[in-house]
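This report refers to the structure that appears directly beneath it.
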Protein chains: 2
Amino acid sequence: MAKATIDDVAALAGVSMKTVSRVVNKEPNVRASTREKVQAAIAQLEYRPSQSARSLAANRSYVLGLLYDNPSASYVIDVQEGALQTCRRAGYDLLIHPCRHNEPELADEVLALVRHSRVDGLILTPPLSDITQLVDGLVEAGVPFVRLSPTENKQACPYVQTNDQEAAYDMTCRLLELGHERIGFIAGHPDHRAVAERYQGYLAALKESRIKFDKTLVVQGYNSFDSGRECAAQLLGMNDRPTAIFASNDDMAAGVIIEAHHRGLAMPAELSVAGFDDTPVAHQIYPSLTTVSQPITEMASKAAELLVKQLQGKAVQMPAAIMSCRVIVRDSTGKR
Amino acid sequence: MAKATIDDVAALAGVSMKTVSRVVNKEPNVRASTREKVQAAIAQLEYRPSQSARSLAANRSYVLGLLYDNPSASYVIDVQEGALQTCRRAGYDLLIHPCRHNEPELADEVLALVRHSRVDGLILTPPLSDITQLVDGLVEAGVPFVRLSPTENKQACPYVQTNDQEAAYDMTCRLLELGHERIGFIAGHPDHRAVAERYQGYLAALKESRIKFDKTLVVQGYNSFDSGRECAAQLLGMNDRPTAIFASNDDMAAGVIIEAHHRGLAMPAELSVAGFDDTPVAHQIYPSLTTVSQPITEMASKAAELLVKQLQGKAVQMPAAIMSCRVIVRDSTGKR
DNA sequence: AAGTAAATTGACAGCGCTGTCAGTACGCCT
DNA sequence: AGGCGTACTGACAGCGCTGTCAATTTACTT
């Protein structure tokens, strides 16, 4: 059976091509009885509109682009899943586009992607959400986009974020409550602003406590396992070493745990460790990692929704969705 | 500047639309001087062909579909990366399509995807590579596809696979060489044939050694961390417990390591553990995991290449690419 | 130099759909 | 019953490209 076209459906239903088009696109002003006739014909012929033809005629692709440069496979997969949930509901496809956030030609590359009518809109994930050049380029070109966890220029486009800093604050408070007074902190990659800003939560909690801030306890990390391990070596090599280390993400926390193992430190008895993100590794290591879980899939799904709304011309209120993180207590933290 | 069309280029280059089309599509029989004129015009106008128009006219989408139902984020990401490498080179886009391998409607769902002219061809990853109904459906519908690591029906379509069993054999031999005589084995999920068949390598190595096979040392796992941990509990609870455990994948091996930690077993002194896949967790746990690395990205890239070749009508020799795994020795294995 | 095959080029008709706009049917008013 | 506004429907012209096929030019023969 050759693939049915809109004409076939129109003929079978006894209406015009255009009316079939209206039904398919859920346009208003079609009589209920007509709609049913058309739907019956569609079902009978197993008609599916041709994406290419729709795209050409309507000058949209019905495809969303997902841009990322994130070293965490689980993060990316979760984002993809969330975005796909919305895409499937809304009849869009998802094109994935990994790229390098420090590539100078990034903005051009992405604009090319859009200009060639391959995608109708974009979803940016950290750290791309904070690449000014890219964001500005998109705004200037009038490309619809949404961002996940941006830290600045928030009026540029709708976005979805979590209360990261608050969660980092909570986590620090918990460590303080456990009696830790010297809490090491491994800061996130400066390019990765959303991660880097978790530091503010740490600071806030310390400020609230009576404990005085010791800046030698803060080490600059770069989000990777290896970087976490190096930072841990530095912190644990101090004469007056911290009794707890809070790393800005799980990969670095895993590095801390390994380094502690190699130094023969019992966890949590001699060292408490906390991470952030609740990646799979968090419960696959020993001891299992106390961390913060973000609703990544939902964030991505929500972001895609905001984007689709934008594409449908519906106004999206700017100060967009803010979702909540959740501290997950596992075995890597304990009383001092 | 409005987006340039093929007519604009043709006018500027002083040739016909069709000739521009020939240049763009790298068709033969265009004089070198003409080609250059056209290319200059293309560059000057920053012309990019409209995907939708090409698709509509040529009746292909220039999009490959990537089907997966794999719980391992790192595996999926690597496959995506490899596939994208080829896609970018060949001018294709990649549509990702996660799905459920045990969904009864799977074949219909996928065929719908293809019929709606959204993708020109498909890449299947395990365990989908071995879903007979799906594979047969695709063959019957004449949809071009390639598979990663199929275990059966290999003449159905081109494929790329690794010498898994051989690597499992090698790994087992290494454990035997280290003096282990009771080597526990955690088998892979039966639906996940490629993983499940690693068992054959284990068997082969044992058979070759003088050691007699003890079937109580073989436990059925289901590829997950939790399942690995449960299997380990069973193996380590035996009176005459194994001195080494070889898990069919890293997630399960990580489960083994956790369970061993909880039982206070020193690794590798009291227990050697080996995994398979070299996922990120392998070097993030303590002790770091001896495992087998597969060139996943290259496999996927190669698979996409085979698919593109097929789509271009070039014949692809059936018994396709076989790539090599590599044993990676880390700290989780040692002498008995 | 004429003749033939091969290389190169262009004219044109769609691909299957949507946007525009004009037309027809219907509901409700006086 | 006539008039008017609104709901509904259809005719038609492209969207920007590729396939077909015929026309033209070039290359190579004898």
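Labels below follow one simple rule: chain letters A, B, ... track the order of the sequence lines, proteins then strands, and each chain is numbered from 1. This is a predicted model, so every value here is computed, not measured.
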Those residues that, when tested against [X], pass salt bridge (Lys or Arg N to Asp or Glu O under 4.0 Å) (two or more places apart):
{"X": "B:Arg89", "answer": "B:Glu305"}
{"X": "A:Glu81", "answer": "none"}
{"X": "A:Asp164", "answer": "A:Arg198"}
{"X": "B:Glu103", "answer": "none"}

Practice task
Starting from the first five and the last five pairs of the helix from C:dA1-D:dT30 to C:dT30-D:dA1, work out the angle between the resulting helix axes, to 10 degrees.
Solution key: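 Inter-axis angle at the ends, rounded: 30°.
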
Practice task
Would you mind reading off the distance between B:Ile6 atom CD1 and C:dA11 atom P, rounded to a whole angstrom?
Solution key: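 So the two atoms are 13 Å apart, to the nearest Å.
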
Problem - Residues forming a side chain to side chain donor-acceptor pair (under 3.5 Å) with A:Arg193, sequence neighbours excluded - result: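 Counting only residues at least two positions away or on another chain, A:Arg193 forms a side chain to side chain donor-acceptor pair (under 3.5 Å) with A:Glu152.
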
Practice task
Name all residues meeting the side chain to side chain donor-acceptor pair (under 3.5 Å) criterion together with A:Ser16; count only those two or more places apart in sequence or in a different chain, and write none if there are none.
Solution key: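 For A:Ser16, the residues satisfying side chain to side chain donor-acceptor pair (under 3.5 Å) (neighbours in sequence not counted) are A:Thr19.
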
Exercise for the section: Taking atom types as modelled, find out whether A:Gln294 and A:Thr162 have a side-chain donor-acceptor pair closer than 3.5 angstrom. Expected result: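 The criterion, which ignores hydrogens and geometry beyond distance, is satisfied for A:Thr162 and A:Gln294.
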
Problem - Pairs where residues 90-99 of chain A contributes a residue and the test side chain to side chain donor-acceptor pair (under 3.5 Å) is met, not counting sequence neighbours - result: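 Passing the test, one end in residues 90-99 of chain A: A:Asp93-B:Arg118, A:His97-A:Glu109, A:His97-B:Arg88.
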
Handout entry: Contact nearer the 5' end of DNA chain C, comparing A:Ala57 with B:Lys18
Key =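 By nearest-heavy-atom nucleotide position, the 5'-most residue is B:Lys18.
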
Practice task
Could you check which residues of residues 28-41 of chain B get a heavy atom under 4.0 Å from DNA chain C? Sort them by number, please.
Solution key: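 When residues 28-41 of chain B is checked for heavy atoms under 4.0 Å from DNA chain C, the hits, listed by number, are B:Asn29, B:Val30, B:Arg31, B:Thr34.
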
Exercise for the section: Would you classify A:Val15 as touching base, sugar-phosphate or nothing, given that sugar-phosphate means primed atoms plus P, OP1 and OP2, and contacts are heavy atoms under 4.0 Å? Expected result: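 Here A:Val15 touches the backbone only, sparing every base.
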
Handout entry: Boundaries of the DNA chain D segment in contact with chain B, non-hydrogen, under 4.0 Å
Key =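 Nucleotide range with atoms under 4.0 Å of chain B: D:dG16 to D:dT26.
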
In residues 64-74 of chain A, what donor-acceptor pairs under 3.5 Å come from side-chain atoms, sequence neighbours left out?
residue	atom	partner	partner atom	Å
A:Tyr68	OH	A:Gln80	NE2	3.4
A:Asp69	OD1	A:Arg100	NH1	3.1
A:Asp69	OD2	A:His101	N	2.8
A:Asp69	OD2	A:His101	ND1	2.7
A:Asn70	OD1	A:Ser72	N	2.9
A:Asn70	ND2	A:Pro126	O	3.3
A:Ser72	OG	A:Ser74	OG	3.4
A:Ser72	OG	A:Tyr75	N	3.1

Problem - Residue pairs involving residues 10-19 of chain B (criterion salt bridge (Lys or Arg N to Asp or Glu O under 4.0 Å); sequence neighbours excluded) - result: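 Counting only pairs at least two positions apart or across chains, no salt bridge (Lys or Arg N to Asp or Glu O under 4.0 Å) contact touches residues 10-19 of chain B.
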
